[in-house]
A.B. asks: 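Sharing a structure, written as structure tokens. Questions coming.
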Amino acid sequence: MALKIVKGSIDRMFDKNLQDLVRGIRNHKEDEAKYISTCIDEIKQELKQDNIAVKANAVCKLTYLQMLGYDVSWAAFNIVEVMSSSKFTYKRIGYLAASQCFHESTDVIMLTTNQIRKDLSSPNQYDTGVALTGLSCFVTPDLARDLANDIMTLMSHTKPYIRKKAVLIMYKVFLKYPESLRPAFPRLKEKLEDPDPGVQSAAVNVICELARRNPKNYLSLAPLFFKLMTSSTNNWVLIKIIKLFGALTPLEPRLGKKLIEPLTNLIHSTSAMSLLYECVNTVIAVLISLSSGMPNHSASIQVSLRSIQHYLGLLAMSKILKTHPKSVQSHKDLILQCLDDKDESIRLRALDLLYGMVSKKNLMEIVKKLMLHVDKAEGTTYRDELLTKIIDICSQSNYQYITNFEWYISILVELTRLEGTRHGHLIASQMLDVAIRVKAIRAFAVAQMATLLDNAHLLTGNTQRNGICEVLYAAAWICGEFSEHLEDPLSTLEAMLRPKVATLPGHIQAVYVQNAAKLFATVLRGQEGAPADRTVAQETSQLLIDRLPLFVQSANLEVQERASCILQLVKYIQKLQQKDVEVAEEVTALFAGELNPVAPKAQKKVPVPEGLDLDAWINEPPSESESEDEGRKPKGKAVFAKEESKHTKPRYTEVDEKELAKRREVRKAEQANNPFYIKASPSSQKVYQDGVGVEHIPVVQIDLSVPLKVPGMPMSDQYVKLEEERRQKDKADKKKKDKKKRREKGEKGRRRKGDSGPESEEDITPAHMVDITTEEMPENALPSDDDEKDPNDPHKKSSKHKKKKQKKEKEEKEKKKKKKHHHHHHHSDGAGDESVQNGNVEEEEPLPVSNQSSSIYSMCDIQGNLQDGSQVVVSVIFENKCDSFIKAMEFNVLDSLNSKLQRPEGAGPHDGLTVPFQLPPGISNEARFVFSVQSIVMPQKLKGTLTFIVKTDDSSTHEKLDFKLHFTCTSYLITTPCYSDAYAKLLESGDLKGSSLKLEGVSQPFHHLLARICFHHHFSVVERIGSCASMYSRSIQGHHVCLLVKTADQTVSIDAKCDEPGLLGNVLDEIKLTFSQC
Amino acid sequence: MIKAILIFNNHGKPRLSKFYEHYSEDTEQQIIRETFHLVSKRDENVCNFLEGGMLIGGSENKLIYRHYATLYFVFCVDSSESELGILDLIQVFVETLDKCFENVCELDLIFHVDKVHNILAEMVMGGMVLETNMNEIITQVDAQNKMEKSEFSSFFSLYRRLSFSLPGRTGRHRLVLQVPLLVPCLP
């Protein structure tokens, strides 16, 4: 019996140990998860054994698996068993496992209290050490409370090894059980003077951590630390102490004076960079607290700063900057150089520094350099960061540093040239803000904006959803609101009513329409002033009447409503004009009154009307939908208290998009849980972007060699030069002006009074009288003192909002590579009632229209869109087969759950799409329609109608044509070339599932057969050997489809593999159909 | 405070992970992946500091790392630690490993992760630096290993020694993994 036990344990000794496990995992790279799961089963068996050595071995392996991400909490009890082994070896394994996977909610932890207590008082110092180490990782409030006393005793243990661990763990105990701090603190303080440097260092560590949370309470220890600092040689301890002093000096300025000397000594004597850096950092803190700068010291600091790695140097500079801006400003060039650094951490730090460095004097220069960087910058994120920084820098402290707003406006205009930026909103809000608040600049701004509007096509270009078109919102508003400054309002009006405008986002169009009306009023006034121009005035009205219907048809409700209102108004005006009535005065009256900016706190100042209780329910809330009401309640409140002034900050789309995305998520989740819903199969979401063959697709590079410059725009650089010249001139007669300017400055309104640049800045006179309009407050505003101190500067706030990531829209149009194999028109004779089955592309019935001889013939080609996995483009060729003119064609399809015709924004789900052309007799033309498709696994048929008007010489009739669109599965495939090695890899990967097909009696030559498959089913031949060929294709959602085609004796066998069996089955059925028809 | 210590290789395979705050296993893996992603795309000659990733810490924390041959040593720390001090600490850690394993290479870390944990435990405890003196660390580690050996019979210890010496010497990627960590990158 005894022999058996011994034998058993020897056997077990040769069980898999940790090294075997690691080696096993490395040898099973292909099926790692499977191998590990068998290992876990083995471990479970081992844990059931009585032998502690086996258990410890198992726990050791579990610790490794935990690192790989496997949950091992199920073995918590076994870990406790191993922890309580009497052998140190096993105990250590147990505590290590516990420290890796125990946490506060592990329930077996409460079983460990006594075991840990026993280990803490063990005669073996390493038992105690291991227990302390483990405990430091999983200490809970209960353990802390129960063991605090034991640990406190250990702080005076005879062995320094135990003392230092006990001291260190006290911090964790304090965190979990704060009551222990008071009784333990005297002993902790004692340990600062422990003879052992390790214990000392531990005590310093703990006290520094404590002091970081609450520095005030530890001021009394300063003399002790001071002594340590001058006596200790341990760099780590010194660093900690010096860091602590850095936190203490702001609280006790006298400390700072004392520190300077020993710190400078250290700076000169130490060779450790880390210590040097911390010394410098603390000296900076000291200098800040002393407030009276010591020029000698700061000089030596800067020398040492430059030698330190850039990143930390920059970090330190940002601290100096807060109090000694001048000493940092002399390093401007160095910091600007950092912008060129390869390292993004450094570039971003440098940008932060620049923000604080600008003054009236150097703003233009710095921004000019930044603009250069904007041009050079690669990667939109960094460029966007630069853009926001430029705007932040310029707009900080209420435009404190801008002396020439013309320059600023032209900078903003230059920034609009950035392609693909997300910050159109930000630029737009700056333009609005400046134009509204700086009255003197309005004439200039309006002229610039007019040019911008005139060149709107350059901004919107081919990427119409580009964020930059937001600036057109600002441009249109400025031109309309301040139209009296326009030189040629008529041409601006014309620019605002171009048909191209209809492609802009709805909220911008709305602003266009509204401001077109304002412009109209201005134009009328100008024209009626000169009586000879009556007819011209009428022509202007006619222009509006001609163009506005475009907007009346808009899908956007806001645009539609404004446009129809204004259209009616203009029609009325035209009638009056025809009667020779002067209307200009009255029309202008519509837009009378100036819109002033509203202070951000204005809304808060509106007193709540008496007797209005905003918290009271209007109706008793229905008990069930509580969650919904909660959402509504704060909103109602916000109307009076929290809302910001909105009119200058357009961000409708942002909110909409987010909201939509959220709803989409909710809906998807709902659908997923609804058994009656056809779900998108999970694999269809796999996108094999980096899969096989993508790199072989030829991508056409679009070369935009023409720089995007808006013609006729003054460049900001000119202003820099002008400014230089002006300053030179100013210097000459400075003395005279000086006094005067000062007086003017005083009148500039309360906001400007706060300006307190360095003295030299006073010399720089603004280019023109800048008067920043103070913001409007409600008449019955509640007086309050904290008005000026408000930290939420409106600019800061708005810029933060604008940073919200807005998804970059895909530039679909230009990228779409359409390989249109427009299958020959098979129709031989007029009626053409053969339904053209060109393989995959089923098209639709060329239905001859019933009673009339006229007929429209249509055929279509369905192509997946490679760029977007859920889009299919249907190209339809319409041919007019009759002798009459066909117009007003409207194409409509009944959406199914799976496929939807993409309609323009705002259109209802049943609205038809207007075909954008008319057909004279015998002419054909092509139109494209985009469908969004969710699942591409099944083929499907969509029913649709085409309505049109047939116009003959004397009459016109409405006609209707029903058709069916057949989306076959092959129409979702895209011919994708694939190389044989990639193909082989794909087959090997094992992700694909197989299926096969046999075709009997096919007499075609093999290459014809292959050509047919290629042509009709969008495959490409990978390799062909004799009577055997491999073929490949890819679906728009990235499924791979592989075929192996073999032929012998008029029999063709096709073995196929695909990662989506459903799709494959349907594709094979379609191939079969193709061959059965021939 | 040190929030986490991670060691992973040039391909992001974790070789050691020590979190001083509790995260679920999945989060831990995400943190390792994210950290690898952040660190690995940086050039060799840029600075060793990174302002933390999304998962671990946010703005308060920093990633401080060093790259030795095939391994990245990453410490995630909060503002109370000195950046350069931690860089020194990483160097001490690697030098200690080098002494304990004799020309430490990735392979040693792969097969003896438990030993690495034991060494680390003598340097950092519960996220606080315990000891920075290399000799002291090595003395303690050796003393504990000696104790471990004395606990086993001669047969058992022979077996264990056998099993320690075996692995690694026959690995497929032996050559790469046996690149000593310390020599090439010593600053």
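Reminder, nothing fancy here: chain letters follow the sequence lines and each chain counts from 1. The shown structure was predicted, so the numbers you read here are calculated from the model rather than taken from an experiment.
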A.B. asks: Name each donor-acceptor pair under 3.5 Å that joins a side chain in residues 128-137 of chain B to protein atoms two or more places apart or in another chain, with its distance.
C.D. replies:
unit_1: Glu131(B); atom_1: OE1; unit_2: Lys164(A); atom_2: NZ; d: 2.6
unit_1: Glu131(B); atom_1: OE2; unit_2: Asn133(B); atom_2: N; d: 3.2
unit_1: Asn133(B); atom_1: OD1; unit_2: Asn135(B); atom_2: N; d: 3.0
unit_1: Glu136(B); atom_1: OE2; unit_2: Gln140(B); atom_2: NE2; d: 2.9

A.B. asks: Which atoms of Asn235(A) come close to chain B, meaning under 4.5 Å heavy atom to heavy atom: side chain ones, backbone ones, both, or neither?
C.D. replies: neither
A.B. asks: Using non-hydrogen atoms only, which part of Lys165(A) is less than 4.5 Å away from chain B: side chain, backbone, both, or neither?
C.D. replies: both
A.B. asks: Measuring heavy-atom distances to chain B, does Tyr126(A) have an atom under 4.5 Å in its side chain, in its backbone, in both, or in neither?
C.D. replies: side chain
A.B. asks: With only heavy atoms counted, which part of Tyr161(A) is less than 4.5 Å from chain B, the side chain, the backbone, both or neither?
C.D. replies: side chain
A.B. asks: Below 4.5 Å from any heavy atom of chain A, which atoms of Gln144(B) appear? Answer side chain, backbone, both or neither.
C.D. replies: both
A.B. asks: Checking Thr133(A) against chain B: side chain, backbone, both or neither under 4.5 Å from a heavy atom?
C.D. replies: both
A.B. asks: Minimum heavy-atom separation for Leu244(A) to Ala211(A), with atom names?
C.D. replies: CD1-CB, 3.2 Å
A.B. asks: Heavy atoms only, distances under 4.5 angstrom: which of Gln66(A), Glu104(A), Gln125(A) has the most pairs with chain B? Name it, please.
C.D. replies: Gln66(A)
A.B. asks: Under the side chain to side chain donor-acceptor pair (under 3.5 Å) criterion, do Glu106(B) and Thr70(B) qualify, and how do the steps go?
C.D. replies: CA-CA 7 Å; Glu106(B) 189 180 343; Thr70(B) 56; 2.8 Å; yes
A.B. asks: Checking heavy atoms, do the side chain of Ile242(A), its backbone, both or neither come under 4.5 Å from chain B?
C.D. replies: neither
A.B. asks: Ring-plane angle category for Tyr72(B) and Phe36(B), please: parallel below 30°, perpendicular beyond 60°, tilted otherwise.
C.D. replies: perpendicular
A.B. asks: Can you find a pair of side-chain heavy atoms, one from Gln30(B) and one from Asp26(B), that are under 4.5 Å apart?
C.D. replies: no
A.B. asks: So, for Gly129(A) and Ile162(A), which heavy atoms are closest and what is the spacing to 0.1 Å?
C.D. replies: N-CD1, 4.0 Å
A.B. asks: With a 4.5 angstrom heavy-atom cut-off, could you sort out which part of Ser24(B) is near chain A: side chain, backbone, both or neither?
C.D. replies: neither
A.B. asks: Among all residues two or more places apart in sequence or in another chain, which pass the salt bridge (Lys or Arg N to Asp or Glu O under 4.0 Å) test with Lys243(A)?
C.D. replies: Glu278(A)
A.B. asks: For a ring-ring contact (aromatic ring centres under 6.0 Å, His included) with Phe73(B), tell me which candidate from Tyr65(B), Phe8(B), Tyr68(B) qualifies.
C.D. replies: Tyr68(B)
A.B. asks: Given a strict heavy-atom distance threshold of 4.5 Å, which part of Leu168(A) is in contact with chain B: side chain, backbone, both, or neither?
C.D. replies: both
A.B. asks: With chain B as the partner, which of Ile239(A), Leu96(A), Leu21(A) has the greatest number of non-hydrogen pairs under 4.5 Å?
C.D. replies: Leu96(A)
